[in-house]
There are 2 protein chains.
Amino acid sequence: MAITKESIIKALSTVQDPDLKKDLVSLNMIKDVSVDGNAIHFTVVLTTPACPLKEMIKTDCINAIHKHVGEDVQVFPNMTSDVTSTRNTAPLLPNVKNIIAIGSGKGGVGKSTVTANLAVSLAQSGAKVGLIDADIFGPSIPTMFNCEHEQPEVKEINGKNTIIPIEQYGIKLISIGFLTPPDNAVVWRGPMASSALKQFISDTDWGELDYLLIDLPPGTSDIHLTLVQTIPVTGSVIVTTPQKVALADAKKAIGMFKQPQINVPILGLVENMAYFTPAELPDNKYFIFGEGGGMKLSEQFDIPFIGQMPLVQSIRESGDSGLPAVMKDDVTADAFKELSQKLARQVAIRNANLAETKKVEMIN
Amino acid sequence: MAITKESIIKALSTVQDPDLKKDLVSLNMIKDVSVDGNAIHFTVVLTTPACPLKEMIKTDCINAIHKHVGEDVQVFPNMTSDVTSTRNTAPLLPNVKNIIAIGSGKGGVGKSTVTANLAVSLAQSGAKVGLIDADIFGPSIPTMFNCEHEQPEVKEINGKNTIIPIEQYGIKLISIGFLTPPDNAVVWRGPMASSALKQFISDTDWGELDYLLIDLPPGTSDIHLTLVQTIPVTGSVIVTTPQKVALADAKKAIGMFKQPQINVPILGLVENMAYFTPAELPDNKYFIFGEGGGMKLSEQFDIPFIGQMPLVQSIRESGDSGLPAVMKDDVTADAFKELSQKLARQVAIRNANLAETKKVEMIN
């Protein structure tokens with residue numbers, strides 16, 4: 001019996017995407033099926049290049065064809081990706097597929113460190129990534145990307161003055177830190193800060209992006225409201241430490257995103273500074289800030305627990321020296337890579353199951 | 001020769017206050033001199049009950065009298081204190097002698113922990129202490145004082161509805177945390193938050209206080225501007241960790257207080273989470289967040305370096321359990337006590353050398 005495209009598609013329709021819980025064919029993830037004698041070629045379009053299940057899905061495809069089409073065929077799956085989006089028809093930044101806000105409630109829990117490493121790790125996987133440092137009063141991103149002295153160009157595009165983001169490590173970046181001298185305090189009331197954020201969104205040349213990450217400031221005030229009133233946010237990530245006072249503030253951030261008028265899906269919770277391990281005592285974990293608080297919080301609010309990062313001197317050093325930890329070749333790099341894959345999965349799951357987030361109307 | 005009051009005063013006029021660099025008599029610190037045969041009694045009125053030089057000044061007084069009046073007299077100095085102030089004629093809260101804002105620029109550096117321990121330590125020394133938790137979006141003070149479920153009374157005083165602060169460990173406290181459910185986010189734009197702070201200052205029954213501490217939120221925005229526009233602040237304290245991104249934000253906080261229109265004296269800089277020492281390796285100091293950054297910053301801006309607090313699990317646990325570390329009997333308690341004494345000294349030095357801080361007129 002000749003091998004037909006139809007028989008291959010039928011075989012592949014038995015393979016499930018474990019996250020999206022549907023088969024690859026129904027999910028429109030199979031393209032370009034071709035048969036050349038015994039050789040079977042097809043393309044699997046994953047929902048993100050950072051897909052942690054890539055190898056598993058590939059193996060599942062090969063096995064399904066061997067089982068349903070024949071043991072003696074040669075299977076050549078071409079694994080590729082096209083990041084999903086619910087924003088294709090959005091009035092603002094329709095070429096930005098996903099906007100992800102990273103918040104914490106409390107400052108100093110490592111939100112910028114997590115954001116910087118997520119950005120680099122997603123870019124390393126092949127995604128197009130941008131990052132807005134929305135912490136107008138304490139911008140850390142320029143330091144963490146070793147570009148504190150860069151100044152973005154402003155170009156006229158379609159008759160509008162447009163900021164060209166700084167590019168570093170393949171990521172497009174914008175921060176108030178590029179626009180003000182580093183030692184100067186930006187002593188602004190809320191409306192001034194909000195107008196800076198609006199410019200970072202509306203008057204910046206972001207081009208095409210798979211993921212635009214937004215590093216939020218602490219609190220639940222002007223910047224947060226302005227963000228969700230300016231552009232619908234695909235989803236949010238909550239960073240906390242296991243400390244009671246940090247968890248309390250993380251609850252407030254969760255509460256904000258869950259408010260019915262705001263209603264931004266929460267994609268995951270990250271526990272940072274989970275424990276400290278001295279180099280001399282590699283088996284000791286010092287739970288300086290307490291133990292298990294992040295996991296408990298994620299269970300309480302039914303939020304995916306997507307990562308537990310240790311308190312490691314090298315992560316802090318990497319941030320201070322402007323070379324994010326994930327760019328090094330060590331265990332912390334692996335941990336951040338895994339975190340970014342889990343986040344990318346949650347984005348894909350969210351896009352498959354939920355409609356576009358709605359812009360928030362004026363509140364307060 | 002009979003011993004006279006004059007000879008005693010003359011002897012005591014040779015004793016200097018090491019901080020204020022003048023003699024005790026000129027400083028009006030000697031009261032109630034009396035001579036009863038060989039017994040000499042007098043009162044030394046120090047500038048703060050938390051004076052770390054109390055014993056030294058007492059010994060200096062005894063020695064001066066032995067030297068200038070006679071070896072064979074018995075000297076009974078009565079060491080007491082009356083906290084100095086530049087606010088006696090202030091239009092708002094004239095009975096509050098000193099208003100001290102504790103800021104950091106960056107969140108999560110332990111500002112609330114330092115503030116809580118300073119408050120308790122000053123109160124333990126005998127001072128009358130109040131504390132405003134000005135972090136409207138992340139109030140930690142109720143947790144740190146184990147009074148999260150308290151609700152302040154509101155009483156009509158002189159025809160005005162007045163909030164009665166919560167009292168815990170001898171300290172008068174007010175926080176947005178007493179007025180809103182703990183899990184709820186206060187999602188407010190700046191003006192709402194500012195109006196809460198104004199009520200905490202103007203519509204709260206603070207009575208007589210030696211020190212009113214104000215735990216500021218991160219950043220340099222609405223709350224900070226509203227504070228200095230509502231009530232002149234005696235002085236500020238900057239808390240930082242040695243981490244580069246924290247130091248960068250601390251510089252911004254310093255920059256804000258030093259702005260000519262704001263001009264709040266900076267009383268001291270505290271480096272928190274300076275190093276971690278595991279119980280099993282008591283000689284090891286892990287400079288997880290970097291080394292020496294606080295000291296360098298204080299030198300750069302000519303700010304007194306008033307303390308270096310280690311990263312100690314028990315300090316965090318104390319905060320989470322609501323019993324500030326300084327209330328325990330251990331080395332961290334001693335460190336916080338020393339910190340509070342150094343701060344009290346700096347307040348006295350500031351009051352001796354500078355006029356009252358001026359209220360800030362509208363900026364931005």
Side-chain angles (χ1 to χ4, degrees), chain A residues 105-110 112 135-140 143-144 182-193 217-222 224-225 241 243-246 248-249 251-256 259 262 276 278 280-281 284 286-290 311-313 316-317 319-321 363-364, chain B residues 105-110 112 135-140 143-144 182-193 217-222 224-225 241 243-246 248-249 251-256 259 262 276 278 280-281 284 286-290 311-313 316-317 319-321 363-364:
Chain A
K106 191 166 174 65
V109 299
S112 298
D135 196 347
I136 306 295
F137 305 106
S140 301
T143 301
M144 293 192 172
D183 286 7
N184 275 31
V186 173
V187 187
W188 285 349
R189 287 197 177 268
M192 286 279 282
T220 51
S221 188
D222 289 273
H224 312 78
L225 284 171
T241 65
Q243 193 176 1
K244 186 174 172 189
V245 290
D249 290 1
K251 277 185 201 171
K252 291 183 194 297
I254 294 169
M256 173 180 67
Q259 278 197 2
I262 293 179
F276 172 66
E280 290 82 352
L281 298 169
N284 283 30
Y286 292 91
F287 295 93
I288 303 178
F289 294 109
L311 177 58
V312 177
Q313 189 160 337
R316 194 272 311 159
E317 284 168 355
D320 278 0
S321 71
I363 47 174
N364 287 311
Chain B
K106 191 166 173 64
V109 299
S112 298
D135 196 347
I136 305 296
F137 304 106
S140 301
T143 301
M144 293 193 173
D183 287 5
N184 275 31
V186 173
V187 188
W188 285 350
R189 288 199 176 267
M192 286 280 282
T220 51
S221 188
D222 289 273
H224 311 79
L225 284 170
T241 66
Q243 193 176 3
K244 188 173 170 189
V245 291
D249 290 0
K251 276 184 201 170
K252 290 183 193 296
I254 293 168
M256 172 180 68
Q259 278 198 1
I262 293 180
F276 172 66
E280 290 83 351
L281 298 169
N284 283 30
Y286 293 91
F287 295 94
I288 302 178
F289 293 108
L311 177 58
V312 178
Q313 189 160 336
R316 193 274 309 160
E317 284 169 353
D320 278 0
S321 70
I363 46 175
N364 288 311

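The shown structure was predicted, so the numbers you read here are calculated from the model rather than taken from an experiment. Residue numbering restarts at 1 for every chain, and letters A, B, ... go by the order of the sequence lines.
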Quick check on [X] against chain B: is it the side chain, the backbone, both or neither that has a heavy atom closer than 4.5 Å?
X	value
A:N284	side chain
A:L281	side chain
A:I136	neither
A:D249	side chain

Hey, which of [options] has the most heavy atom pairs under 4.5 Å with chain B?
options	answer
A:V109, A:L311, A:V312	A:L311
A:P191, A:S140, A:G219, A:P217	A:S140
A:G190, A:S221, A:G255	A:S221
A:G290, A:A248, A:G105	A:G290
A:K252, A:K251, A:K106, A:E280	A:K252

Taking atom [atom1] of [X] and atom [atom2] of [Y], what is their separation to the nearest 0.5 Å?
X	Y	atom1	atom2	value
B:F289	B:F276	CZ	CZ	11.0 Å
A:T220	A:I262	OG1	CD1	8.5 Å
A:Y286	B:I288	OH	CD1	11.0 Å
A:D222	B:M192	CG	CE	11.5 Å

Exercise. Does B:H224 reach the side chain of A:V187, with side-chain heavy atoms less than 4.5 Å apart?
Worked result: no
Exercise. For the candidates B:I254, B:T143, B:T241, which exhibits the highest count of non-hydrogen atom pairs separated by less than 4.5 Å from chain A?
Worked result: B:T143
Seminar exercise, completed: Sorted by chain and number, sequence neighbours left out, side chain to side chain contact (heavy atoms under 4.5 Å, CB included) with B:D320 holds for A:Q243, A:K244, A:V245, B:R316
Exercise. Which answer fits B:P278, side chain, backbone, both or neither, if we ask what part of it has an atom under 4.5 Å from a heavy atom of chain A?
Worked result: both
